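Single-structure report; data block below.
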Amino acid sequence: MPVYPKENQLSSIIWPELSPSPGRFAGSLRDMIGVVLAVVLCMTLRVPGIALALALLFLLQREHPGVTLRSGIQIVSSAAAACAATFLWVQFTDGTDLARFLGFIIVIFTAAFGTAATRFPLFWSIFGFYGSLDVAAWDAHRTSNAIVTSSLYNLASLSLVVLCAVVVDYAFATRNPDEVLQQEMRKRLVCLASFFHKLADAQSTSRNEALRTVHHELIRYANAGDVYLNELYDQIHDEDQKLARVPLGIHYRIGLLTRVLDKSALLGFSTSTGSARQDHRDAYQMIAALCDSLLTLDATVPTQTTTTPMSFSLWEIFLELQQYREVQLPVHGASIRRSSERRNPPANSVFLPGVFESSDVTLHALKLTFAATICYIIYNAVAWPGIFTCVVTVLFTGLSSTGAMNQKQLYRILGAAIGGALGIATVSLLYPNMDSITALTLIVAPVALLSGWVLRSPRISYVGVQIGFAFFLTVLPGFSATTSLAPARDRISGIALGILVMWFIFDQLWPTRTSDALKTVLFRIQSARDRLRRLDEQTAPQIDEMTFDQMRTMVSSELAHMQQLDFSVYFEIGWHRKREIVQSRRLIKQIEASAAEFYALALQREVL
């Protein structure tokens, strides 16, 4: 596991999070352009609700214009579904206080369960957010016409913001996906070569720091998987002219390279000591040389080794890199064409595998509903609607473990404080001297760029979301310059209340420690491994492709979840913290071993 230095620990963590990386500035610039375009259109067309909609723009998945479009459709359709459900509930129940309270509970529980149990967590998160917001609007006892009009305007502004984001992403989409695909493949090979070179050479403290930096980049590529590469391949697959410029067997090599990245990232977790690296130094050097030969197309590197000692994982990596190089030869053309066929279709099930076999998801949804209900009662009892963010805090930070929850809550309040401070400074210092939409866009643009930049951090991305959220809610409440600083104050107060309620329920009354979440991850991966082993022992010659696709997707997602929990365990608070860290280290080793067995079984049957 990664070990952070004790000296200058804060700077050593923050700098990698905020340092420039390939595509970071371009992505942040796209976010800024989308925000500015949406602000100009909403101000010109006089569409209220822009502040709330702009904050949700940062929740869009932006890996590719097609992905942006799909996630945008999810957000808009979810908000529309929440709006319609609220209107129907109020219509059928006459909008009584008790009915609204029951409606709020139903919305929160449905959203919490759907977020944890289905393949569309974004849809259900937004459903819970807008559903609770729409229910809360009726608590103000305004006229029905005003409430309906406000809800529809919120939906219209959200649609407009999503449309701007999609248009900007398509406008700046890559024009030469064949070149980008080869560049992305090369970047991953360069990262692999650098990783194994540093494994072979890492002895001093400075080199250990360099190794951790490269390993972090390797994890990022491994977590990204083959989604972006396959999307680029799909863009050029139906265009013969572009496909001709792509080397033969590129689709097959995408799969090989993705598996090598996964195994190399796991290998980096088990090589934290100098002695472990020295034991396999010759093997690391040979794999590094093989990676260099792939980059330079040098055919002089030996294709096999009989004298260099290698562990099983290193031997697998070496063999797959050999296959990667061998598919460049014309003799493999036939197998390349078979490997380039359309991938298996995704699973059609809406729910995640094993959801109804355990009560964990239901219990988590009940805890989340309980916490949100307490917040709802408190802010209504004190008649302070501005602290509605306490409910939002529960919805968006109620994660699977207390460590992950504490981590996200810290990021949320930190981002809200930064964004709120920027908003207060803008309102108090700049608004008195502003009189046009041009001046407004000049203020909004750099903050949007800052939010987009922080959003692309490997670990603190949620801080970027909250910076934009707090800033927009403070400076864009309407079509005229605001003179009130209450939104920033209320937002921080609501977040603090939500954190307090969640600490009592999730940490003291009904805790789910990081080790408990890791045990669930271990159980699911071991179940997939055992199922694959049973299938291997059957007389059937092949595995059902849909079944294997589901298992592989589940194992990959659980490994990504494990890496998140590996960092969030340090946010556990209390006497149990040291015990949790020790147990988490032990469970993570077991998870990695079980995942390695799963992939080894899959490779034996040649189904990957």
Side-chain angles (χ1 to χ4, degrees), residues 49 51-61 67-93 95 99-139 147-148 150-163 165-166 349-352 355-356 361-362 364-373 375-376 388-400 408 412 462 465 469 494 498 502:
L52 193 62
L54 282 177
L56 297 179
L57 180 143
F58 295 108
L59 297 179
L60 286 170
Q61 300 175 13
V67 178
T68 305
L69 178 60
R70 289 194 292 271
S71 59
I73 291 175
Q74 281 193 54
I75 288 179
V76 175
S77 60
S78 177
C83 185
T86 305
F87 290 165
L88 291 174
W89 180 262
V90 172
Q91 178 68 28
F92 290 147
T93 61
R100 287 199 308 272
F101 181 70
L102 292 176
F104 177 86
I105 294 176
I106 293 173
V107 165
I108 296 297
F109 180 81
T110 302
F113 185 84
T115 301
T118 69
R119 301 181 186 276
F120 308 102
L122 180 62
F123 177 92
W124 292 107
S125 296
I126 301 301
F127 178 85
F129 174 69
Y130 270 97
S132 58
L133 185 67
D134 291 339
V135 170
W138 294 91
D139 293 326
I147 295 175
V148 171
S150 176
S151 299
L152 293 179
Y153 270 131
N154 285 337
L155 185 60
S157 62
L158 178 63
S159 303
L160 190 58
V161 168
V162 169
L163 177 62
V166 172
S349 175
V350 174
F351 295 97
L352 296 174
V355 166
F356 298 104
V361 174
T362 303
H364 177 73
L366 287 173
K367 288 193 292 184
L368 210 64
T369 304
F370 186 31
T373 302
C375 292
Y376 179 80
F388 176 77
T389 49
C390 60
V391 176
V392 180
T393 298
V394 172
L395 281 173
F396 285 102
T397 65
L399 301 180
S400 59
K408 198 163 188 178
R412 180 173 174 81
Y462 195 61
V465 177
F469 213 146
M502 293 189 71

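Just so it is clear, the values below take in all heavy atoms, side chains as well, and ignore hydrogens, waters and symmetry mates. Since the structure is predicted, the reported quantities are computational estimates derived from the model, not experimental observations.
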Legend entry - Residue Phe87 excluded, over 12 heavy atoms near CZ under 6.0 Å: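 Check passes, neighbour count above 12.
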Inset, instruction - Evaluate whether atom CZ of Phe109 has more than 12 neighbouring non-hydrogen atoms of other residues, nucleotides or ligands under 6.0 angstrom away. - result: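 Check passes, neighbour count above 12.
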Inset, instruction - Let me see the working for Ser132 and Ile108 under side-chain contact (heavy atoms from CB on, under 4.5 Å), right down to the final yes or no. - result: CA-CA 7 Å; Ser132 58; Ile108 296 297; 4.0 Å; yes
Separation of [Y] [atom2] from [X] [atom1] (nearest 0.5 Å):
{"X": "Leu160", "Y": "Leu155", "atom1": "CG", "atom2": "CG", "answer": "11.5 Å"}
{"X": "Met502", "Y": "Thr393", "atom1": "CE", "atom2": "OG1", "answer": "8.5 Å"}
{"X": "Thr373", "Y": "Leu102", "atom1": "OG1", "atom2": "CG", "answer": "10.0 Å"}
{"X": "Leu152", "Y": "Ser159", "atom1": "CG", "atom2": "OG", "answer": "10.5 Å"}
{"X": "Leu158", "Y": "Leu163", "atom1": "CG", "atom2": "CG", "answer": "11.0 Å"}

Inset, instruction - May I ask you to decide if the ring planes of Phe104 and Tyr376 are parallel, tilted or perpendicular, using 30° and 60° as cut-offs? - result: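 Parallel, since the angle between the ring planes stays under 30°.
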Legend entry - Whether Phe127 and Trp124 hold their rings parallel, tilted or perpendicular, with breakpoints at 30° and 60°: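 Aromatic pair Phe127/Trp124 classed perpendicular.
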Can any side-chain N or O of [X] pair as donor or acceptor with the backbone N or O of [Y] at less than 3.5 Å?
{"X": "Trp138", "Y": "Thr86", "answer": "no"}
{"X": "His364", "Y": "Ala112", "answer": "no"}
{"X": "Lys408", "Y": "Phe396", "answer": "yes"}
{"X": "Ser150", "Y": "Ile147", "answer": "no"}
{"X": "Ser78", "Y": "Ile75", "answer": "no"}

Under 4.5 Å between any side-chain heavy atoms of [X] and [Y], yes or no?
{"X": "Val392", "Y": "Arg412", "value": "yes"}
{"X": "Ser77", "Y": "Phe123", "value": "yes"}
{"X": "Val107", "Y": "Trp89", "value": "no"}
{"X": "Val394", "Y": "Leu368", "value": "yes"}
{"X": "Ser157", "Y": "Leu52", "value": "no"}

Can you give me the closest heavy-atom contact between [X] and [Y], atom names plus distance?
{"X": "Ser151", "Y": "Cys83", "value": "CB-SG, 4.0 Å"}
{"X": "Leu57", "Y": "Ala165", "value": "CD1-CB, 4.0 Å"}
{"X": "Val361", "Y": "Ala117", "value": "CG1-CB, 3.8 Å"}

Inset, instruction - I would like to know whether Phe113 and Thr118 meet side-chain contact (heavy atoms from CB on, under 4.5 Å); could you show each step before the answer? - result: CA-CA 8 Å; Phe113 185 84; Thr118 69; 5.9 Å; no
Inset, instruction - Determine, step by step, whether Phe120 and Thr115 satisfy the side-chain contact (heavy atoms from CB on, under 4.5 Å) criterion, reporting the C-alpha distance in whole Å, the side-chain angles of both residues, the deciding distance to 0.1 Å, and the verdict. - result: CA-CA 7 Å; Phe120 308 102; Thr115 301; over 6 Å; no
Inset, instruction - List the steps and the verdict of side-chain contact (heavy atoms from CB on, under 4.5 Å) for Leu56 and Phe129. - result: CA-CA 11 Å; Leu56 297 179; Phe129 174 69; 4.3 Å; yes
